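One structure below.
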Amino acid sequence: MSPQTNSRPLRAWQTAALQQYEETSPKDFLVTATPGAGKTTFALTLASRLLSRREVARVVVVCPTDHLRMQWADAADAMGIVLDPGLTNAVGPVRAGTQGYVTTYAQVAGKPMLHAARSTSVKTLVILDEVHHAGDGLSWGEAAEEAFGRAARRLCLTGTPFRTKPDERIPFVRYEEDTFEGEAGGLVSRADFTYGYKEALAEGVVRPVVFAAYTGTSRWRNSAGEVVAASLSEAGTRSVEMQAWRTALDPKGQWVPHVIAAMDDRITHLRENGMPDAAGLILASDQDDARAYAKIVRRVTGKAAELILSDDPKASKKIERFATGSARIAVCVRMISEGVDVPRAAVLAWMTSYRTPLFFAQAVGRVVRSRAPHESATVFLPAVRPLLSLAAAMEEQRNHVMPPPRTQPDEELEALDLPPREPREGEAKQWEALEADARFAHVLHSGTAHTGEGSGPTVVVGEEEEEFLGIPGLLTPAQTAELLSKRDDELRVRIAASHRADAEDFMVVEDHPDEDDAGRSWRDAAELRREINKLVNRVAARTSQPQAVVHTQLRQSVPGPPSASASVDVLRARRERLRTML
């Protein structure tokens, strides 16, 4: 079965990129497109065309996380391309009935020669999603080059240009010399096609972003036992700023519940004014904070949050459920920071100490995907210098060049990314959070902060204007700030009430590129395997035979490869055979 074409019309940039690719038919092609612009659709459209013209017979997608494997597989299904997201390194051959598979950079690093065999046994297009991850460590880059260096075609995707150290080149990427942080000799990636945030915003592909900064006074006890107090927005030294920021993020204080209430208020407003499924994301620094924030969401909003943690085996299912469901808020650590598609998410609460340009750009990218005109995104963040600088850069430049991955922590930039060290028994605590309050500071617009309390004439915000909060051209930055400031006092009363009420979580492999059942969903095979395993258990229990014996008899009755790599037709035949044995 030939791949189907996606019924959704391509965006102008996708059409232009496809035309450029087809004019040159390059072996390597790097596309830089801002998060939310549609890199996946572009890549799968190209894959569909190459498959239909028989220029390639297989597609292999490499992505950063396990959840993105399923997301890529589902997107491919929608275009008639069957990519198996469950193919492990323990299974040699690519399953019959598929046109390829989706894997992760870590999995490729585990057995690069296996992936080399799979990608060279037939002409293969390798799609390297968020290719900058191949620079997270020399081993990942070396493994990607070893696995896919002889593939017929390679398509590299990234959300933003990136820099790399001369001795840590990412394979398949073209570089030019660059100066970074005053030092010559660095390299900056050069894309074959670029589509930036500024262009995407002008064409309505992404939502405009309103950055709402919240300040507050933090109080903590230092290692000398002294109580220190400082404002988030006027912390002074970097050390004091770090402690004030860390204290504000402490779940025991009032900064977090106040901002969660403001976030919930914004979601309600969106749902009542043209975006009925609007949702929000809360980014936490670690899993303990995430669990605590989820409890605060329940206390403040009266609704349970979707808690998504990386070590939860159900994390991918939770992301999928949140993306398609009606829950208002999801709390996560890093699971939704990159690539994960939740189009209805329009509000982000930055309650994490991460502050690298890459993480900031990718996280904000989760809430900017536009579905309809007049949608906007709102990011609530602490009014601290590092985050305000990143927000201002996004506001002014609309383009980022990510620095190279750091091999050693930098005290100035990375201190907040490290969890506080727990003191040894008998040792004095270096820091102890006491309390923190919160209050609206300003709206950031074009690098200028609007407080809502300017020296000019009083800004009047009517009900109709409130319906267009944050839409450029319909509400001025000063009016937006005035509105948030007005609601801030109301939220403080609400939070105090909720707090009182709560005073009481390359080897030889067998391949099947020409099977005639291609085009079926990868989920069909996955479901069949689960059914077979259940039926084998029932047969084994009924006949008092070991499960291994039943599996052997099944393969004798219905010949073919093991179920892990068998085609859909073979799996269906085995299921029917098992049913006759009951």
Side-chain angles (χ1 to χ4, degrees), residues 1 3-4 58-61 63 65-104 107 114 118 308 312-325 509-582:
M1 178 181 289
Q4 303 165 353
R58 174 169 296 155
V59 177
V60 175
V61 178
C63 57
T65 67
D66 282 331
H67 176 76
L68 290 179
R69 296 170 72 174
M70 291 187 292
Q71 190 167 290
W72 268 96
D74 284 336
D77 266 357
M79 300 187 69
I81 304 174
V82 180
L83 300 181
D84 189 350
L87 191 65
T88 67
N89 286 348
V91 178
V94 176
R95 180 175 65 81
T98 68
Q99 291 154 305
Y101 63 97
V102 191
T103 186
T104 63
Q107 193 172 6
L114 171 64
R118 292 172 176 170
I308 304 171
D312 184 349
K314 298 180 180 180
S316 290
K317 289 185 178 180
K318 287 184 176 182
I319 294 175
E320 186 174 352
R321 181 173 65 197
F322 181 73
T324 59
V509 294
E510 179 186 3
D511 288 302
H512 313 275
D514 299 320
E515 292 289 333
D516 60 4
D517 63 348
R520 295 172 182 161
S521 170
W522 65 268
R523 294 184 183 272
D524 293 345
E527 182 60 35
L528 283 167
R529 292 190 192 103
R530 283 191 289 268
E531 288 187 53
I532 287 172
N533 286 334
K534 291 179 181 178
L535 289 170
V536 166
N537 292 340
R538 290 176 59 187
V539 171
R542 183 167 184 173
T543 61
S544 300
Q545 291 179 309
Q547 294 177 15
V549 172
V550 177
H551 277 293
T552 300
Q553 293 174 347
L554 184 60
R555 288 192 63 183
Q556 291 172 346
S557 301
V558 185
S563 294
S565 55
S567 68
V568 170
D569 285 343
V570 170
L571 292 172
R572 284 175 177 159
R574 288 179 178 171
R575 179 184 62 182
E576 297 309 312
R577 174 57 182 161
L578 286 167
R579 286 173 175 172
T580 65
M581 298 168 66
L582 290 173

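Computed from a prediction, not measured in an experiment: that's the story for all the values here.
For the atom pair CD (Glu527) and CD1 (Ile532), the distance works out to 10.5 Å, reported to the nearest 0.5 Å. Here the straight-line distance linking atom OG1 of Thr103 with atom CH2 of Trp72 works out to 13.5 Å at 0.5 Å rounding. The CG atom of Leu87 sits 7.5 Å away from atom CG of Leu114, with the distance rounded to the nearest 0.5 Å. Taking CZ of Arg538 as the start and CE of Met581 as the end, the distance is 12.0 Å to the nearest 0.5 Å. Taking CZ of Arg321 as the start and NZ of Lys318 as the end, the distance is 6.5 Å to the nearest 0.5 Å.
Among the candidates Leu83, Val94, Thr98, the single residue satisfying the side-chain contact (heavy atoms from CB on, under 4.5 Å) test with Arg58 is Val94. When the options Asn533, Thr552, Asn537 are evaluated for a side chain to side chain donor-acceptor pair (under 3.5 Å) with Gln547, the one that passes is Asn537.
Checking side-chain atoms of Arg118 against main-chain N and O of Pro93 turns up no donor-acceptor pair under 3.5 Å. Looking only at distances, no side-chain donor or acceptor of Arg572 sits under 3.5 Å from a matching main-chain atom of Ser567. Counting only distance, with no hydrogens or angles, the side chain of Asn89 and the backbone of Gln107 share a donor-acceptor pair below 3.5 Å.
Annotation: side chain of Val102 is not in contact with side chain of Met70 (no heavy-atom distance under 4.5 Å). Looking at heavy atoms from C-beta onward, Arg555 lies in side-chain contact with Arg574 at the 4.5 angstrom threshold. Side-chain contact between Gln71 and Asp74 is absent, with no heavy-atom pair separated by less than 4.5 Å.
A salt bridge links Glu531 with Arg579; the closest basic N to acidic carboxylate O contact falls under 4.0 Å.
The minimum heavy-atom distance linking Asp77 with Val82 is given by the pair OD1-CA, 4.1 Å. Taking every heavy atom of both residues into account, Ala540 and Pro546 meet most closely at CB-C, 4.4 Å. Across all their heavy atoms, Arg529 and Leu571 have their closest contact at CG-CD1, 4.1 Å.
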Give the intermediate values and the outcome of side chain to side chain contact (heavy atoms under 4.5 Å, CB included) for residues Val61 and Leu68.
CA-CA 10 Å; Val61 178; Leu68 290 179; over 6 Å; no

